[in-house]
Amino acid sequence: MLDQPSLAPSLAPWAAHPSESRGRVWEEPSHAYRDEFQRDRDRIIHSSAFRRLVYKTQVFVNHEGDLYRTRATHSLEVSQIGRTVARALGLNEHLTEAICLAHDLGHTPFGHAGQDTLNACMRDYGGFEHNLQSLRVVDELEEKYAEFPGLNLTFETREGILKHCSARNAVALGDIGKRFLERTQPGLEAQLADLVDAIAYNNHDVDDGLRSGLIELDDIRNVHLFRDQFDAVSAAYPGIEERRLIHETVRRMINVVVTDVIDQTRRNLEDAQPDSIDAARAAGRRLVGFSEDIAEQHVELKQFLRRGLYQHYRVLRATRKAQRVLKDLFEAFFADVQLLPPVYADNARDFEAREGLAGRARAIADYLAGMTDRFAIAESRRVFEPGEPG
């Protein structure tokens, strides 16, 4: 049998080396041809939760159009950007890709509107946060393997999935939550995945917003990051059709910010001189980041999108409908778990036996968070509309 090729020579000292991983909750033998982070990535891609991302949306509800980004396409775009930056910085591409592909596994249907609604429903029962739910998906809810629950991912991938965490939840999570109590940073691959997530959704929401007509071209030309690239493309290609002009502009916007991340992070690493992933975690600040100028431009873009897209009346109308669907379903199931499909009703009873009403609520939140947009709409009809089959 051929020896497995080692990734170590191509990795920087501050990268996550698979041979030095903190391991998995359930110990497993190593694989002959794949390192630990490759296995994580493959398990994520083969998970049921990842397949459901195809029908979970970012801003637009699933039925509003076939060309808008979904959580699946967003995750792939985040992964693509993340791999590019990781390679340039000597970081572990497989780990970066695994985190990027898994970061939205716990997201609700209907984007952030769904998360806000579930969090409100769960306020008296521990709340709901999609990063914690993503960790819950890979640790517990996926049911595929004979020898352990969940996907049994490495510590490093799980660390990257858990971007935010309250002190109360950090205590309950044990080792994976320690950094939130000790105020240390995650590994650089996790820092990178967090940042490129923002790069991807900000820039691609520009594309979707313009495509939908919710963002006006004249308005976004007041945003520096867009205007600079738009003017450059217009000058280089006079008379180019608008669709291609916008795509080329967004493409260049991404290139500008990604190049800036690489350059600024290199400067940060040169200053900090971490000699290991643990040294990077203990650096006292995030080492993966923008320069001050690009950070300001990215914030300006984000603020524009909040005003011009996320608070657009058509988006808000869809948001209110989505919130009503999830709120009504949660209240109906909480009042009578027999309305749930049998396996989920059994889960709710089991959870309640162990944890009281908070357990019942958590089981219902698991069911709702796992829904796609179209399944949630269909389930609402089945539960509430006369004449619909149950």
Sidechain N-carboxylate O distance under 4.0 Å for Arg349, Asp346: yes
For Tyr145 and Glu28, which I'm curious about, is there any donor-acceptor pair between the side chains at under 3.5 Å? no
Gln229 backbone acceptor or donor facing Arg252 side chain under 3.5 Å: no
If you measure from the Lys or Arg side-chain nitrogens to the Asp or Glu carboxylate oxygens, is any gap between Asp104 and Lys56 under 4.0 Å? no
Check this for me: does any side-chain nitrogen of one of Asp231 and Arg221 sit under 4.0 Å from a carboxylate oxygen of the other? yes
Does the side chain of Gln38 come under 3.5 Å of the side chain of Asp42 through a donor N or O and an acceptor N or O? no
Hydrophobic side-chain clustering at under 4.5 Å (ILVMFWY, transitive links): who's grouped with Val171? Put none if nobody. Leu181
If you count every heavy atom of other residues, nucleotides or ligands that lies below 6.0 Å from His312 atom NE2, does the total exceed 12? yes
Side chain to side chain contact (heavy atoms under 4.5 Å, CB included) test vs Gln115 passes for just one of Thr108, Leu326, Asn131, namely Thr108
Cation-pi geometry met for Arg41 and Phe50 (6.0 Å, 45°): no
Can you give the donor-acceptor pairs under 3.5 Å from side chains of residues 328-345 to other protein atoms, not counting sequence neighbours?
{"unit_1": "Glu331", "atom_1": "OE2", "unit_2": "Lys327", "atom_2": "NZ", "d": "2.8"}
{"unit_1": "Asp336", "atom_1": "OD1", "unit_2": "Gln338", "atom_2": "N", "d": "3.0"}

Where does the angle between the aromatic ring planes of His298 and Phe290 fall among parallel (under 30°), tilted (30 to 60°) and perpendicular (over 60°)? tilted
Do Asn92 and Pro18 have side-chain heavy atoms sitting under 4.5 Å apart? yes
With a 4.0 Å cut-off on N to O distance, would you call Arg71 and Asp373 a salt bridge? no
Salt bridge (Lys or Arg N to Asp or Glu O under 4.0 Å) with Glu159: of Arg281, Lys178, Arg22, only one passes, and it is Arg281
Side chain to side chain, Asp228 and Val256, heavy atoms closer than 4.5 Å: no
For Asn152 and Trp26, indicate whether the former's side chain and the latter's backbone hold a donor-acceptor pair under 3.5 Å. yes
Measure from NZ or CZ of Arg24 to the centre of the six-membered ring of Phe148 and say whether it is under 6.0 Å with the direction within 45° of the ring axis. no
Does any N or O in the side chain of Ser212 come within less than 3.5 Å of the main-chain N or O of Gly209, such that one atom is a donor and the other an acceptor? yes
Glu129-His164 side chain donor-acceptor pair, cut-off 3.5 Å: no
Side chains of Leu225 and Val257: does their closest heavy-atom pair fall under 4.5 Å? yes
4.5 Å side-chain heavy-atom contact, Phe155 and Ile176: yes
Between Glu270 and Arg267, does at least one N-O distance fall below 4.0 Å, as a salt bridge requires? no
Would you call Arg227 and His224 a side-chain contact if the rule is heavy atoms closer than 4.5 Å? yes
Distance alone, cut at 3.5 Å: any donor-acceptor contact between the side chains of Gln133 and Asp366? yes
Angle class for the His112/His130 ring planes (parallel below 30°, perpendicular above 60°, tilted otherwise)? perpendicular
Close side-chain approach of Thr319 to Tyr310, heavy-atom, < 4.5 Å: no
Just checking, any donor-acceptor pair under 3.5 angstrom between side chains of Asp40 and His94? no
